[in-house]
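When reading the values below, keep in mind they use all heavy atoms of this one structure, side chains included, and skip hydrogens, waters and symmetry mates. Reminder, nothing fancy here: chain letters follow the sequence lines and each chain counts from 1.
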2 protein chains.
Amino acid sequence: MVNTKYEGFETPGVTVDLVLFTVNESRLKVMLVKRVEEPFRSDWSLPGGFIELGESLDAAAQRVLVEKVGVSDVYMEQLYTFGKPKRDPRSRVITVAYIALIPWQSLPQPASEKIIDLTWSPVDHLPKLAFDHKEIVNYAVKRLRAKVSYSNIVYGLMPKQFRLSELQSMYECIIDDKLDKRNFRKRMLATGLLKETGKKDTAGAHRPAMLYQFKSKEIVFL
Amino acid sequence: MVNTKYEGFETPGVTVDLVLFTVNESRLKVMLVKRVEEPFRSDWSLPGGFIELGESLDAAAQRVLVEKVGVSDVYMEQLYTFGKPKRDPRSRVITVAYIALIPWQSLPQPASEKIIDLTWSPVDHLPKLAFDHKEIVNYAVKRLRAKVSYSNIVYGLMPKQFRLSELQSMYECIIDDKLDKRNFRKRMLATGLLKETGKKDTAGAHRPAMLYQFKSKEIVFL
DNA sequence: TATACTAAGTGTATGGTGAACACTAAGTAT
DNA sequence: ATACTTAGTGTTCACCATACACTTAGTATA
């Protein structure tokens, strides 16, 4: 904090931007929206919005999530604050970036007229992005990949019940590497964070798999 | 980013606040400055300041460091952004908090007339702090303690050359726990980040110790 | 209804890493 | 010369991560 009063200073704008992750078709993807205004008109960008005065940063991120994606109650955490002076060519804008995770199954089907200005892009084949959004996405991917290895953060991408093989391929999509099945199962069950549901998944022409779920929604560091 | 223009919105103030760590008298300490104005007049607070329009967040943090502490070229990283609506009772202020590390030996001696409004407080015996600064400090301590265990971030607190026993007690002060001498030395030397200087520290009535230094100033994750 | 197909599910051996643990070495002070 | 202080050094053991291949239980189809 500082002793100086703020009146008389020209003040920067403050936004939140969301890096919303999902996994679909075995790819880690982020949500992008098409800009309809200059600058960067018709480029892709992260969903975001200016914070409102009575609203905390977390609340602003939640609001943007509801407004732009139509979901709530997903895992979200603050990522980093980006504030280079020229990141928005119009005026000084500082953005507090958030990561959010959403299971593909939980996504609402977008209305058909809106689908054109919303896309899910694989993180390793991003299109040109507006502002410094590519930098933000890359930073977010780095954080997510790191966090996957020392926490159970993937729960945020899983449906309520799932096969262990689905959990494994979720890990594999995120870290972009293969894992050993037996070791993976041992490690996961050893955490004590999973419980059998008793139900079996009988889909597919093969032996049915036990369905599991997380005991708790809390994120835990291993 | 968002499509809406920002003109016409009442905008929040944006500051940077510094959690500046050092270790002295075997205690992990943070720098605090006494407030001279309302609100929280004569309470302790973190050094900070409003960002200027042409200035990046990192640059603002550097500037505050130079202005308030009189040092530069120290390890610094962005910590987190705090933005609860009522954290400043006067008006909406969002603060981007930074961590900085400085070896005690590198601190300039404060001019005697200023010393009264600057103090170094052990992190586990903080006085009452202005705004939400206690929350910020606690978050910073958590981050520092975690990071110490998986990186060589302590280099930021060490003088150029040091005995391994000094390095060990630096770790011990930060994590507030004792370490085994032989295991510590093995682990540190195994990182390959240290090199012998060839010099010995002959101070003290005992066997002289080899002086070491870090090969590089880069922070490395182990 | 037998056979092919697919994914589920399971155990062991090995190498590496972290933790516990105590004595000798090399100086200074008295 | 003796006491004192910190520097410096190796080994054992328990645990964990890794590598690795076959049997099981269903469905599909010939």
Going by the side-chain hydrogen bond (donor to acceptor under 3.5 Å, both in side chains) test, which pairs reach into residues 145-157 of chain B, not counting sequence neighbours? B:Glu77-B:Lys147
Would you kindly give the [atom1]-to-[atom2] distance between [X] and [N], to the nearest whole Å?
X	N	atom1	atom2	answer
B:Met188	D:dA7	CE	P	16 Å
B:Asp201	C:dA25	CG	P	22 Å
A:Glu196	C:dG9	CD	C1'	12 Å

Any heavy-atom pair between the side chains of B:Val19 and B:Leu144 that's under 4.5 Å? no
A:Thr95 versus A:Phe131: any side-chain heavy-atom pair under 4.5 Å? no
Could you run through DNA chain D and flag its stems, i.e. three or more consecutive Watson-Crick or G-U pairs with both distances under 3.5 Å? C:1-30 with D:1-30
For residues 169-205 of chain B, which residue pairs qualify under ring pair (Phe, Tyr, Trp, His ring centres under 6.0 Å), counting only residues two or more places apart or in two chains? B:Tyr171-B:Phe184
For every nucleotide of nucleotides 10-18 of chain C, 5' to 3': is a protein heavy atom under 4.0 Å from its base (B), only from its sugar-phosphate (S), or from neither (-)? BBB------
Enumerate the residues from residues 159-173 of chain B whose closest heavy atom to DNA chain C is under 4.0 Å, giving them by residue number; use none for an empty result. none
Can you name the salt bridge (charged side-chain N to carboxylate O under 4.0 Å, His left out) partners of A:Lys178, sequence neighbours left out? A:Glu172
List for me each residue that meets salt bridge (charged side-chain N to carboxylate O under 4.0 Å, His left out) alongside B:Asp58, sequence neighbours excluded, and say none if there are none. none
Which heavy atom of B:Val33 sits nearest to which heavy atom of B:Met31, and what is that distance? CG1-CE, 3.8 Å
Please report the closest heavy-atom contact between A:Pro108 and A:Val69, naming both atoms and the distance. CG-O, 3.3 Å
What pairs with A:Asp73 under side-chain contact (heavy atoms from CB on, under 4.5 Å), at least two apart in sequence or on another chain? A:Lys217
Those residues at least two apart in sequence (or on a different chain) that pass side-chain contact (heavy atoms from CB on, under 4.5 Å) with A:Arg207 are none
Sequence neighbours left out, cut at 3.5 Å: what donor-acceptor pairs do the side chains of residues 195-202 of chain A make with other protein atoms?
unit_1, atom_1, unit_2, atom_2, d
A:Thr197, OG1, A:Lys199, N, 3.1
A:Thr197, OG1, A:Leu211, O, 2.8
A:Lys199, NZ, A:Gln161, OE1, 3.4
A:Asp201, OD1, A:Ala203, N, 3.0
A:Asp201, OD2, A:Arg163, NE, 3.1

Give me, pair by pair, the N or O atoms of the protein and of nucleotides 23-26 of chain D that are less than 3.5 Å apart, along with how far apart they are.
unit_1, atom_1, unit_2, atom_2, d
D:dT24, O4', A:Arg207, NH1, 3.4
D:dT24, O2, A:Arg207, NH1, 3.0
D:dA25, N3, A:Arg207, N, 3.2
D:dG26, N2, A:Ala205, O, 2.6

Show me the pairs that pass salt bridge (charged side-chain N to carboxylate O under 4.0 Å, His left out) and involve residues 18-27 of chain B, at least two apart or across chains. B:Glu25-B:Lys29, B:Arg27-B:Asp124
